Amino acid sequence: MSIVDLFNKNIFLEVMYSKYSLSKIKLLILCNIGFLSVSYGQDVLPFPPVPSASIANETLAESTHKRRAQPEHLPKDAPNIIIILMDDVGFGTPSTFGGGVNTPTLSKVYSEGIAYNEFHTTSICSPTRAALLTGRNHTRVSSGTIAERAVDWDGYTGIIPKEAATVAEVLKDYGYSTSAFGKWHNTPANQTTVAGPFDYWPVNYGFQHFYGFLAGETSQYEPRLVDDFTPVEPPKTENYHLTTDLADHAITWMSQHKAYAADKPFLLYFAPGAGHAPHHIFKEWADKYKGKFDDGWDAYREKVFKRQKELGWIPKSAQLTARDKTMASWESIPQSQRAFQIRMMEVFAGYVEHADHEVGRVLDALEANGQKDNTIVFFIWGDNGSSAEGQNGSISELLAQNNVSNTIEQQLAALDKIGGLDAIGGPLLENNYHAAWAWAGNTPFKHTKLVASHFGGNQNAMVVRWPKMIKPDKTPRSQFHHINDIVPTIYDILNITAPKVVNGFDQMPMDGVSMKYTFNDPKAKEVSKIQFFDNNGSRGVYKDGWYACTFGPLYPWISAQKGLADWDSNKDVWELYNIKEDYTQFNDLATKNPEKLKELQKVFNDQAKANKDYPIGAGIWLRIHPEDVIRSPYNSWVFDENTSRMPEFSAPGLGKKSNKVVIDMDVKENTSGVLYALGGSGGGVTLFMENGKLVYEYNMLIIERYTVETDQKIAAGKHKVEILTTIAKPGAAAEVAITVDGKPYSNGEVKRTVPAAFTASETFDVGEDLGGSVSMRYYKKAPYKFEGKINSVKVDLL
């Protein structure tokens with residue numbers, strides 16, 4: 001029943017006249033300003049408490065209108081908050097702190113703020129982001145590994161529980177406007193389709209607006225973007241780059257916020273994909289570094305270490321740790337391969353400098369808006385150390401994730417077919433540099449990303465700026481802190497107690513501690529803190545200046561490493577360091593102080609149990625058992641031309657499992673275009689027509705390509721095409737047979753297949769190939785829309 005209907009009912013008016021002494025006009029006014037809660041479509045109208053006599057008897061002429069006061073939940077001077085999180089950039093990369101990559105924005109922020117040189121992450125993407133946003137340890141919030149490698153143990157499901165509300169959720173409820181731009185990587189990989197569920201997307205974790213990508217990585221030229229809940233396609237222009245796009249959207253959002261909600265503070269989370277692979281950047285940015293890395297990674301490391309000491313960024317007593325014996329020296333790289341390895345590093349450096357520039361544009365816009373003074377900026381230089389996942393240097397970085405063996409000769413041969421060295425950094429590749437460049441980028445520490453035991457994997461620089469409250473100071477803050485300390489610091493600044501209940505969910509305790517005490521006192525006594533680390537079985541624990549750790553089974557820089565299934569964590573050898581005297585973990589004291597080591601091992605075990613970390617090494621399960629990778633629960637699908645942007649982890653496992661695809665289509669003479677495609681330029685499988693002929697192509701992570709095509713053209717008319725693919729086990733060879741209207745047309749072999757995934761963010765599309773092109777044969781015509789009509793595509797996994 002509408003409110004008009006209610007007013008027309010004499011019984012309603014009579015009740016209001018007699019019970020509340022209200023005139024009809026007073027009734028209308030009360031309804032309009034919200035005193036009455038009207039239930040449309042119901043006969044029962046919930047009335048408010050009886051108004052006071054003074055209000056009831058007051059006439060409109062006598063009354064005054066005054067907007068009711070809104071409750072204040074924040075300090076009047078609550079600052080805006082910007083969190084900037086770079087990706088896969090190590091302690092020894094930025095020029096700000098002695099590295100070889102030019103970072104003028106980071107340097108400017110440091111000149112106006114303070115910096116931390118004992119700040120720690122989890123050594124891997126999704127876990128660090130979960131700890132950052134919640135203030136809890138990564139396994140406590142079920143994020144023990146990246147979303148794509150999630151498995152069904154409590155600490156590894158890849159789902160941040162609602163019992164660990166994000167800082168965005170809490171601040172939104174306190175009155176902040178909230179937004180996030182860039183990489184998310186905290187939604188289950190099989191829950192990122194347009195069908196949802198959307199419970200674990202950014203907008204349902206407290207961010208009122210999100211623009212970016214949900215996966216762990218994406219092309220910087222053809223990213224798989226989401227605007228809140230809606231998939232969007234980037235423009236197909238030569239000058240498009242994702243980091244610039246993210247900065248543009250963040251700047252626009254800040255401008256609109258000031259125009260529409262100037263009385264509210266804001267939280268902005270800016271997380272570009274740089275410098276995570278693929279290392280994509282325009283040639284002119286990479287060319288700025290011509291000749292700067294020609295003497296290799298060992299020499300780079302020596303130079304950076306020297307500059308770090310000269311700048312006072314690391315202690316004078318610090319010692320430079322050695323390269324692991326399993327990692328290649330620069331001297332061992334053949335002359336024929338050095339240009340390839342050098343160009344990879346030049347591209348990475350240009351990519352990261354470009355990202356620093358785009359962060360600068362965001363902060364310049366903040367200043368232009370007049371909001372710089374009361375905005376606190378947390379500029380976190382990396383979610384972990386630099387990444388060794390390029391292994392020996394890779395033009396398709398998913399080779400490492402799939403444990404696919406390869407050689408540099410194979411890489412170079414494939415590279416020659418698509419433009420040689422000039423193609424590195426462009427849209428046709430998903431390149432990642434040699435692992436030893438990552439090691440050098442983590443100077444002065446041991447090891448790399450994915451190694452939680454040593455600081456090359458888990459120690460990153462951080463700069464904090466808040467002109468109104470923090471006095472600029474070049475003295476590094478050397479208190480031991482962790483990414484889970486950011487949220488408690490924000491709550492401390494705002495005088496907020498971490499809520500016990502959010503949206504009906506009882507909240508788990510915080511693991512982080514506030515760093516506010518260090519803001520204006522670089523020598524403040526370190527707050528007591530126990531911090532545990534674990535990633536892929538590599539683990540450690542910190543307490544009172546001591547650090548115990550063990551490397552674990554996984555060497556991120558070894559291609560197709562063998563023997564992981566034989567690892568026994570009980571046989572791991574532990575190390576012990578006094579990091580207040582030994583900044584770089586140079587001197588192992590395990591044999592000299594076995595009692596301290598034993599004490600800390602017990603602390604680790606207690607922490608692991610409390611934080612749902614068992615079984616130790618759960619993050620490597622899918623490297624041993626790729627058949628258990630996250631997948632759709634279905635084994636049969638029927639698609640049509642409306643199917644697009646279906647993420648690989650939700651899509652049929654074409655190219656990985658035995659399958660049958662049956663296509664019902666209508667074509668004209670010499671029809672061309674994509675029938676279906678899964679994946680992108682870095683790897684995938686596609687079926688398309690080219691001037692009337694059918695072509696099946698298997699892009700085996702760029703280094704190998706296999707095609708099966710028909711000699712006969714398909715005549716105009718209605719046809720049923722069947723593609724039968726037989727794969728004995730993950731990674732095995734595939735037999736492919738094509739029939740048309742029940743008649744054999746062609747068959748062929750794919751000598752090896754991808755066991756886990758072609759890409760992190762590319763999709764399954766029917767009737768076109770969105771994003772990167774699986775086949776080079778139609779790249780320049782992408783998305784190569786099908787010219788005929790696709791009535792249905794039926795897929796069955798066998």
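Because the structure is a prediction, the values reported are computed rather than measured.
For Asp568, the CG atom counts as densely surrounded, since its 6.0 Å shell holds more than 12 non-hydrogen atoms of other residues, nucleotides or ligands.
Residues passing the side chain to side chain donor-acceptor pair (under 3.5 Å) test with Asn190, sequence neighbours excluded: none. Listed by chain and residue number, Ser478 satisfy the side chain to side chain donor-acceptor pair (under 3.5 Å) test with Asn117 (two or more places apart in sequence, or in another chain). For Phe445, the ring pair (Phe, Tyr, Trp, His ring centres under 6.0 Å) criterion is met by Phe91, Phe455, Tyr583, not counting sequence neighbours. Here Ile558 pairs with Thr326, Tyr555, Gln561 under the side-chain contact (heavy atoms from CB on, under 4.5 Å) rule; sequence neighbours left out. Under the ring pair (Phe, Tyr, Trp, His ring centres under 6.0 Å) criterion, Trp621 pairs with Trp153, His625, sequence neighbours left out. In terms of the side chain to side chain donor-acceptor pair (under 3.5 Å) criterion, Ser528 has no residue partners (sequence neighbours excluded). Taking Arg323 as the reference, Asp298 meet the salt bridge (Lys or Arg N to Asp or Glu O under 4.0 Å) condition, with sequence neighbours excluded. For Arg301, there are no salt bridge (Lys or Arg N to Asp or Glu O under 4.0 Å) partners, not counting sequence neighbours. Taking the side-chain contact (heavy atoms from CB on, under 4.5 Å) definition, one finds that Ala150 meets it with Ile630, sequence neighbours left out. Here Asp544 pairs with nothing under the salt bridge (Lys or Arg N to Asp or Glu O under 4.0 Å) rule; sequence neighbours left out. The side chain to side chain donor-acceptor pair (under 3.5 Å) test applied to Gln479 returns no partner, not counting sequence neighbours. Listed by chain and number, the residues in a ring pair (Phe, Tyr, Trp, His ring centres under 6.0 Å) with Phe649 amount to none (sequence neighbours excluded).
Salt-bridge annotation for Asp87 and Arg129: present, with a side-chain N of the basic residue lying under 4.0 Å from a carboxylate O of the acidic one. Salt-bridge formation is detected for the pair Glu118/Lys580: a Lys NZ or Arg NE/NH1/NH2 atom is positioned less than 4.0 Å from an Asp or Glu carboxylate oxygen. The pair Glu310-Arg307 fails the salt-bridge criterion, with no side-chain N (NZ, NE, NH1 or NH2) lying under 4.0 Å from an Asp/Glu carboxylate O.
Taking the six-membered ring for Trp and thresholds of 30 and 60 degrees, Tyr200 and Tyr205 have ring planes inclined between 30 and 60 degrees apart. The aromatic rings of His447 and Phe551 sit perpendicular to each other, their planes meeting at more than 60°, with 30° as the lower class boundary. Ring planes of Phe293 and Trp437: perpendicular class, angle over 60° (limits at 30 and 60°).
The CZ atom of Arg140 lies 7.0 Å from the CE atom of Met508; values are rounded to the nearest 0.5 Å. Taking CZ from Arg149 and CG from Asp628, the interatomic distance works out to 12.0 Å, rounded to the nearest 0.5 Å. In this structure, CG in Leu597 is found 5.5 Å from CG in Leu576, a value given to the nearest 0.5 Å.
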Inset, instruction - Could you walk me through whether Trp297 and Ile333 pass the side-chain contact (heavy atoms from CB on, under 4.5 Å) test, one step at a time? - result: CA-CA 11 Å; Trp297 42 73; Ile333 301 300; 3.7 Å; yes

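Using modelled atom types, one finds no donor on one side chain facing an acceptor on the other under 3.5 Å when comparing Glu331 with Ser329. Checking Asp485 against Tyr116 by side-chain atom types alone, no donor-acceptor pair falls below 3.5 Å. When only modelled atom types and interatomic distance are considered, Asn535 and Ser123 share a side-chain donor-acceptor pair under 3.5 Å.
Contact record, Tyr577 with Cys549: CE1-SG, 3.8 Å, taken as the closest heavy-atom pair.
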